[in-house]
Amino acid sequence: MKKRIILMTLLGLVSYKVGAQTKKSASLKQAYAKDFYIGTALNLQHIHDKDKKGINIIKKDFSSIVAENCMKSMFLQPVEGQFFFDDADKFVAFGQQNNMFTIGHTLVWHSQAPDWFFVDKDGKNVSADVLKQRMKNHIQTVVSRYKGKIKGWDVVNEAIMEDGSYRKSKFYEILGEEFIPLAFQWAHEADPDAELYYNDYNEWHSGKVQQITKMIKDFKSRGIRIDGIGMQAHVGLDYPSIEEYEKAIVAYANAGVKVSVTELEISALPSPHRISSNVADTQAYEKQLNPYNNGILPADVEAAWEKRYLDFFSLFLKHKDKVERVTLWGVTDGDSWKNDFPIVGRTDYPLLFDRKYKEKPIVKKLIHLAKEN
Ligand code: G3I
């Protein structure tokens, strides 16, 4: 009898330990490993190892990383010919050390490009030839530095508008739409093994879908490499509909590329407008648009927010044959750019970890969802 009690106690201890380990090891990246990469964006606090709690979460839960800001051209080449690689080097080294699918963001973007890029010494627009030479030099210097280490590049970011027209950026003004395939070709020359993506927001608008699918087909007919469409997902509680987002995933996949959800977060706040993720569109602060500034979401809002995450992830799982990666745009609510957009100084709750680095209940629910599918 005594032996039996000892055996039962030992068995109990073992199963408790196994249970605890299972609990400890339940991570997003493991749960979704069979489906797609789960990524997050790293800021400078992460990259310089100042945010230890954030880093612990990144290592545990994410299998892919992207730099939120430090690889944009104004930071990489602030002065013509003078490259600054310290931050980007550390970011890439972190990806290598932790065996993460590492993404470069972004080579060609109208925003956060240095002023010198488009003008001569008199401040006048440079010629098409000069801009091409500057683009090629920037792209090839950066891509070849990280050859074999960066697995995929957001080559061109946000070049097409919701109605399908081209954004009237300096790139477009000086080079016309050809700046996009040129950028892809130069990136491909510098690292023939890297995946190349076109990345944009609001890519469920039918005008954008049409123009982007046309562009993919044009690239393919001309033998220009394009591997995927990055669908940013700066979404809210009631926009866009899951059906709209699904149609776009299917359209891009049908055009012959993979889809990645590249900048996911779900704002829990009311949106003053639902059109744009353009940082230039900041509106004046309005108190009624910052309703939950004490750090707590009302239960009904939290339930609606969780349902949105589950609906989106159910959609991604439904199309896991098309989706390569789902990347959250930051780790904790405190990290998120949404606290300052479209209105500065709000308290938003868009990410999977709270301001104290605590995992929100949605994480376990997402893990459970992956196990069921
Ligand atoms: O680096 C300067 C720093 O020197 C200065 O002291 C500080 C004071 O404001 O500003 C710092 O720059 C900020 C930068 O983030 C780095 O922290 C800029 O003001 C701020 O505007 C910038 O915002 C970033 C934004 O892109 C810029 O366009 C956000 O963090 C970043 O989340 C956001 O990310 C973009 C994607 O790249 C593309 N898709 C849309 C997405 C959201 O806008």
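In listed order, ligands and their atoms are each counted from 1.
- When non-hydrogen atoms are compared, ligand 1 lies under 4.0 Å from the side chain of Trp109 (C-beta onward) but not from its backbone.
- In this structure, Arg355 forms a cation-pi arrangement with Tyr349, its terminal cationic atom sitting closer than 6.0 Å to the ring centre and no more than 45° off the ring axis.
- The backbone N or O of Pro192 sits less than 3.5 Å from a side-chain atom of Arg225, completing a donor-acceptor pair.
- Remark: among candidates Asn199, Asp154, Asn69, Asn157, the nearest residue to atom 30 (O) of ligand 1 is Asn69, based on non-hydrogen atoms.
- With ligand atoms numbered from 1 in the order given, ligand 1 contributes 32 (O), 42 (C), 43 (O) to contacts under 4.0 Å with heavy atoms of Trp337.
- The heavy atom nearest to atom 26 (O) of ligand 1, out of those in Glu158, Lys72, Glu68, is found in Lys72.
- With ligand atoms numbered from 1 in the order given, ligand 1 contributes 40 (C), 41 (C) to contacts under 4.0 Å with heavy atoms of His234.
- Close to ligand 1: Phe75, with a non-hydrogen atom less than 4.0 angstrom away.
- Cation-pi contact between Arg325 and Phe101: absent, since separation from the ring centre below 6.0 Å together with deviation from the ring axis within 45° is not met.
- Among the candidates Phe75, Trp329, Trp153, the single residue satisfying the ring pair (Phe, Tyr, Trp, His ring centres under 6.0 Å) test with His105 is Trp329.
- In this structure, Phe94 has its ring center no closer than 6.0 Å to that of Phe91.
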